[in-house]
Amino acid sequence: MAFAKRVADRIIYMHQGTVWEVGPGEMLDNPKTPELHAFLNNGL
């Protein structure tokens, strides 16, 4: 994830075929949706 934050100008988080969040790499530090939050805490 650190690499994605560094090199991407936009990150798209998809869960079960739906786009849940779109934004700059900083969104990984402060997820707005419970789905992205859960992925960042459990999916790594």
Side-chain angles (χ1 to χ4, degrees):
M1 290 301 176
F3 175 75
K5 278 177 46 177
R6 240 184 1 261
V7 301
D9 58 353
R10 180 175 17 169
I11 295 176
I12 300 170
Y13 173 70
M14 294 182 70
H15 177 68
Q16 297 180 342
T18 301
V19 174
W20 288 90
E21 286 195 50
V22 177
E26 292 80 26
M27 79 177 205
L28 299 176
D29 294 328
N30 188 24
K32 305 269 188 279
T33 62
E35 291 79 12
L36 179 54
H37 183 71
F39 172 75
L40 293 171
N41 287 331
N42 300 319
L44 299 177

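What you see is a predicted model; the values in this text were computed from it and never measured. This chain uses plain numbering: 1 for the first residue, then up along the sequence.
- Shown here for Thr33 and Trp20, the closest heavy-atom pair between the two residues is CG2-O, 3.7 Å.
- Applying the salt bridge (Lys or Arg N to Asp or Glu O under 4.0 Å) definition to pairs two or more places apart or across chains, none involves residues 6-20.
- Considering only residues two or more places apart in sequence or on other chains, His15 meets the side chain to side chain donor-acceptor pair (under 3.5 Å) condition with none of them.
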List the atom pairs, with distances to 0.1 Å, where a side-chain N or O of residues 22-31 and a protein N or O form a donor-acceptor pair under 3.5 Å, not counting sequence neighbours.
residue : atom : partner : partner atom : Å
Asp29   : OD1  : Lys5    : NZ           : 2.8
Asp29   : OD2  : Lys5    : NZ           : 3.0

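- Between Phe39 and Met1, some side-chain heavy-atom pair lies under the 4.5 Å cut-off.
- For the atom pair NE2 of His37 and CG of Asn42, the computed distance is 8.5 Å after rounding to the nearest 0.5 Å.
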